[in-house]
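Note that this is a predicted model, so its numbers are computed, not measured.
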Amino acid sequence: MRAREVARSVAVVAVVAAVVVAAAFAGGFLLDSPTQSEAPSAPAYDANELVAEPIDDGGSVTAPAGDESKTVVIDVSHGNGVSENSLQPFVDALVAAGHEVQLFGGGSSSTIGAEPGAAFNETLRGADALVVASPATSYSSNEVAGVEAFADAGGRVLLAAEPPTTTSTTSTVSIPGLTSSSSVSASGQPANLAASFGVSFGDGYLYDMAENANNFQSVYAGGDSGVADGVGDAILTDATPVTTGGDASPVLTASSVSLSSTRDEGSYAVAARNGNVLAVGDTDFLTSGAATEGDNDVLASNVAAFLVTGDKEAGAPAAPAGSSGGQTGTGSTVVTA
């Protein structure tokens with residue numbers, strides 16, 4: 001090969017190498033150019049913030065054992081949203097203390113000449129306390145009058161409610177010689193019973209987006225006397241407020257919470273008492289899943305004590321004129337340990 005051709009080949013190789021080096025340098029320069037978007041510098045998320053704070057769940061429900069065994073009737077004849085199993089901690093505490101618990105499931109509807117609610121009132125005559133929780137149907141006027149007479153005679157009454165649900169109306173066909181009746185859905189609230197004692201329940205649930213028991217619908221409530229004695233942080237889920245009038249007064253309050261139906265924030269009464277009647281805008285605090293959480297065990301124990309420390313006159317409500325009175329406990333199932 002001639003010297004000129006050799007020199008030309010070397011020159012071509014040198015030029016190609018220079019172009020490659022320049023291109024690589026330019027590419028690196030472009031990648032480092034401040035005009036290009038850089039990946040955001042996001043701090044690592046603290047996974048510990050996702051861990052729910054543990055709720056104290058070491059309590060137990062108790063009931064006082066007196067010299068006299070009391071009979072507590074739990075009504076389940078109105079489609080009530082409770083059962084022996086769901087109320088087990090509460091029922092077990094009463095039975096363990098020597099008291100009798102009866103589940104009233106209703107009497108015969110074909111009794112000739114009997115008024116609606118006759119079996120219900122007959123059961124009350126042999127009872128010392130009544131629990132009405134989350135009914136699906138309303139109480140007849142005869143039953144309301146029976147509960148009023150029961151409370152006036154010293155019988156203790158617990159009315160527990162939930163936020164209202166869809167309403168409906170049912171009726172039975174009237175047959176000559178037999179009783180006929182109709183019922184309107186109570187939507188989880190014993191509204192007509194509560195109204196007789198100056199209490200009404202709300203139309204929504206309470207919630208707290210800032211301070212709650214790991215669920216915005218699980219709010220804290222407290223008080224300092226009566227059934228709220230020692231209750232600083234009861235946990236009420238889907239609770240509805242109670243409004244008082246007449247001789248009824250609030251005994252348990254949820255503070256700095258909001259009401260779903262209005263979004264208004266404030267302090268709401270969630271339990272009220274009128275003499276021998278206690279109304280609570282929640283039923284969950286008595287159930288197996290919640291009775292031992294927070295101060296619910298204290299609240300449930302206080303409610304149990306409220307029910308069995310009354311002094312009820314025997315035979316109230318009185319039997320209708322011309323009735324033999326019959327035996328007590330019709331349609332009831334006695335709960336044993």
- Indicate yes or no: at least one non-hydrogen side-chain atom of Y268 is less than 4.5 angstrom from one of V242. no
- Spell out, as yes or no, whether a donor-acceptor pair under 3.5 Å connects the side chain of S86 to the backbone of V82. no
- Task: Without swapping roles, check the side chain of K312 against the backbone of G155 for a donor-acceptor pair under 3.5 Å.
- Result: no
- Message: Please tell me whether V61 and V308 are part of a single hydrophobic cluster in this structure, the criterion being side-chain heavy atoms less than 4.5 Å apart.
- Response: no
Side chains of residues 220-239: which donor-acceptor pairs under 3.5 Å do they make with residues two or more places apart or in other chains?
residue	atom	partner	partner atom	Å
T237	OG1	S218	OG	2.9
D238	OD1	Q217	NE2	2.4

- Task: Using the six-membered ring wherever Trp is involved, compare the ring planes of H78 and Y139 and label them parallel, tilted or perpendicular (cut-offs 30° and 60°).
- Result: parallel
- Message: Is a donor from one side chain sitting under 3.5 angstrom from an acceptor on the other, for D75 and S77?
- Response: yes
- Item | Among D282, L299, V280, the one residue meeting side-chain contact (heavy atoms from CB on, under 4.5 Å) with L252 | L299
- G204 backbone acceptor or donor facing T240 side chain under 3.5 Å: yes
- Which pair of non-hydrogen atoms, one from Q189 and one from P164, has the smallest distance, and what is that distance? NE2-CD, 3.3 Å
- Would a 4.5 Å heavy-atom cut-off, applied to side chains only, mark H99 and T71 as touching? no
- Query: Between E148 and S196, is any side-chain donor less than 3.5 angstrom from a side-chain acceptor?
  - Reply: yes
- Task: Answer yes or no: is there a side-chain heavy-atom contact under 4.5 Å between D284 and E162?
- Result: yes
- Item | Min side-chain heavy-atom separation N276-V157 under 4.5 Å | no
- Is the backbone of T283 close enough, under 3.5 Å, to the side chain of T287 for a donor and an acceptor to pair up by distance? no
- Item | Set of residues satisfying side chain to side chain contact (heavy atoms under 4.5 Å, CB included) with respect to S255, sequence neighbours excluded | T253, S267
- Task: Give a yes or no on this: more than 12 heavy atoms of other residues, nucleotides or ligands lie within 6.0 Å of atom CG of D152.
- Result: yes
- Message: Donor-acceptor pair, distance only, cut-off 3.5 Å: does the side chain of R156 make one with the backbone of F306?
- Response: yes
- Do T292 and P89 have side-chain heavy atoms sitting under 4.5 Å apart? no
- Report yes if some heavy atom in the side chain of L206 is under 4.5 Å from a heavy atom in the side chain of V270; otherwise report no. yes
- Just how far is it from atom CZ of F90 to atom CZ of F285, taken to the nearest 0.5 Å? 7.5 Å
